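Computed from a prediction, not measured in an experiment: that's the story for all the values here.
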Amino acid sequence: MTDQGCATGDASPHAWERVAWAWHLFIPVLLCLSLVAALGDPDLSGGGKVFVVGISVLMVNWYVALRPDLARNRGAQRRSITWGLGSVLLWLPLVLVHPAFFLVLTALFSTIFANVELRPASWLAGLLGIEIAVANLRYGDPTPGEAVFTLVWAMAIVLAAITFARWIHGIIDQSRDRSDLIAQLESTQAELAAAEREAGVAAERSRLTGEIHDTLAQSFTSIVMLLQAVEAGLAPDATARRQVELAIDTARSGLGDARRLIADLAPEALDARTLPDAIERVADRFSAETGVASTVAVTGEQRKLPPTVEVALLRAAQESLANVRKHASATAVTIALRYDGEVTLQVDDDGTGFDPADPVAGFGLRGMRDRLATVDGRVQVDSEPGHGTRVLVAVP
């Protein structure tokens with residue numbers, strides 16, 4: 001069992017923490033009831049009434065000023081201990097003036113053990129026990145034996161309170177340990193679920209890559225070969241030659257699209273190289289295939305990112321370049337990767353631009369946003385017809 005107060009700073013408070021507000025009413029309410037009883041006593045002098053009102057107000061203000069709480073941090077505990085010592089010392093003159101203030105004991109014991117760590121709370125309870133004995137002696141005319149009995153009785157009450165508090169603290173600590181264990185299990189479960197999703201996505205991409213290679217790519221290759229054979233058998237001036245040439249170009253274009261789709265579904269391996277290396281490789285391949293000049297700039301202190309984040313950024317670069325290839329008619333593309341508080345990827349082209357609000361033009365961007373959302377990323381697109389396009393991707 002730890003020697004801690006009954007509190008924690010957990011995001012999801014335990015049952016006893018959800019009703020912590022009740023502690024802030026306990027002492028003021030019992031003080032008010034005791035004060036009413038004391039002021040209604042005709043045997044209490046006017047000076048005594050002024051005194052108990054003043055001390056009661058001071059005790060409430062002392063509570064409000066320090067406001068003991070259930071936190072474990074060192075500053076909060078020092079504040080709680082200071083409050084406890086002051087409250088115990090202020091209670092004694094009150095009860096010596098009028099016995100109605102014995103009622104406040106219930107709140108003092110409870111609030112001290114609820115808000116102060118067990119060890120200092122035990123010392124405060126011991127001091128309170130001595131004060132209880134003194135107050136009891138004040139309202140009687142005991143013999144020396146009775147005085148000793150009163151002191152022993154008061155200490156027995158304190159010992160019982162400490163024992164009970166230690167038992168309650170043990171139960172609370174066990175409950176907190178179970179709560180922490182459950183939180184760890186839930187976190188591990190979430191990590192396993194994420195790993196399973198990643199594995200599932202990777203397996204599906206691998207399957208699709210194989211299917212496209214074995215079906216579409218092979219079919220387009222066969223069509224090109226068959227059409228070339230037909231073209232070779234046609235006379236140079238045959239009217240069908242032009243249609244065959246167009247069919248060959250279309251089949252080659254389809255084959256190129258299939259190959260690019262295979263490349264996109266199987267991104268650059270990130271295990272053996274850094275994310276900047278992979279993006280540069282994608283940019284080089286883009287330039288080689290399209291003739292569009294591309295440059296990659298990396299700024300900031302590079303660091304290893306979670307695999308899901310690196311893959312998402314690489315996909316964003318591929319999707320942006322694919323959009324430039326298909327729609328932009330650009331002559332130059334610039335890719336900037338920045339490592340800062342967050343990692344940003346910016347892709348600029350000098351192409352024809354487009355209206356981001358166009359549902360057709362924004363379809364690929366919606367897919368990019370959906371992919372980045374899985375890693376808490378965001379996508380911003382700035383473009384207008386005739387003025388190029390900027391795609392900015394940021395992840396925490």
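Judged by distance alone, the side chain of Asp350 and the main-chain N or O of Thr331 form a donor-acceptor pair under 3.5 Å. Of the possible donor and acceptor atoms, one in the side chain of Ser287 sits under 3.5 Å from a partner among the backbone N and O of Val292. With Ser122 contributing its side chain and Leu118 its backbone, the two residues share a donor-acceptor pair below 3.5 Å. Here the side chain of Trp83 pairs no donor or acceptor atom with the backbone of Ile112 at under 3.5 angstrom. A donor-acceptor pair under 3.5 Å is formed between the side chain of Arg241 and the backbone N or O of Leu234. With Ser80 contributing its side chain and Val116 its backbone, the two residues share no donor-acceptor pair below 3.5 Å.
Criterion: ILVMFWY side-chain heavy atoms under 4.5 Å apart, direct or through other members. Under it, Leu105 and Ile27 are part of a common hydrophobic cluster. Residue Val88 is grouped with residue Leu58 when hydrophobic side chains (ILVMFWY) are merged at heavy-atom distances under 4.5 angstrom, including chains of intermediate members. One hydrophobic cluster, built from ILVMFWY side chains closer than 4.5 Å, holds both Leu89 and Leu92. Clustering ILVMFWY residues whenever any of their side-chain heavy atoms sit less than 4.5 angstrom apart, transitively, puts Ile248 in a cluster other than the one holding Leu246. Linking ILVMFWY side-chain heavy atoms closer than 4.5 Å, directly or via other members, places Leu94 and Val53 in a single hydrophobic cluster.
Between Ser320 and the options Leu345, Val282, Val347, Ile335, a side-chain contact (heavy atoms from CB on, under 4.5 Å) holds for only Val347.
A distance of 10.5 Å separates CD1 of Ile223 from OG1 of Thr250, quoted to the nearest 0.5 Å. A distance of 10.0 Å separates CH2 of Trp91 from CG of Leu127, quoted to the nearest 0.5 Å.
Side-chain contact check for Gln346 versus Val393: every heavy-atom pair is 4.5 Å or farther apart. Contact of the Phe101 side chain with the Leu96 side chain is not registered, since no non-hydrogen atoms from C-beta on lie closer than 4.5 Å. Trp123 is not listed as a side-chain neighbour of Leu128, based on a closest heavy-atom distance of 4.5 Å or more. No side-chain heavy atom of Val379 sits under 4.5 Å from any side-chain heavy atom of Leu392. Contact of the Leu313 side chain with the Leu275 side chain is registered, since non-hydrogen atoms from C-beta on lie closer than 4.5 Å.
Residues Ala100 and Ala38 approach most closely at CB-N, 4.3 Å, considering heavy atoms. Here the closest heavy-atom approach between residue Tyr339 and residue Glu301 is recorded as CB-O, 3.3 Å. Nearest approach of Gly353 to Ser383, heavy atoms of both residues: CA-OG, 3.4 Å. What you find for Leu305 and Glu310 is that their closest heavy atoms are N-OE2, 3.4 Å. Across every non-hydrogen atom of Tyr63 and Thr111, the tightest pair is CE1-CG2, 4.2 Å. Contact record, Ile279 with Leu314: CG1-CD1, 4.0 Å, taken as the closest heavy-atom pair.
Counting non-hydrogen atoms of other residues, nucleotides and ligands closer than 6.0 Å to CZ of Arg242 gives a total of 12 or fewer. Crowding of Arg390 atom CZ: a count of heavy atoms from other residues, nucleotides or ligands under 6.0 Å not exceeding 12. Applying the 6.0 Å contact sphere to CG of Asn61 captures more than 12 heavy atoms from other residues, nucleotides or ligands.
Salt-bridge check for Glu319 with Arg371: failed, with every basic side-chain N at 4.0 Å or more from each acidic carboxylate O. With salt bridges taken as basic N to acidic carboxylate O contacts below 4.0 Å, one links Arg378 and Glu342.
The closest side-chain donor-acceptor pair between Thr334 and Asp348, if any, does not fall under 3.5 angstrom. Of the N and O atoms on the side chains of Thr274 and Asp277, at least one donor lies less than 3.5 Å from an acceptor on the other residue.
Below 30°, between 30° and 60°, or above 60°: for Phe109 and Phe113 the angle between ring planes is below 30°, a parallel geometry.
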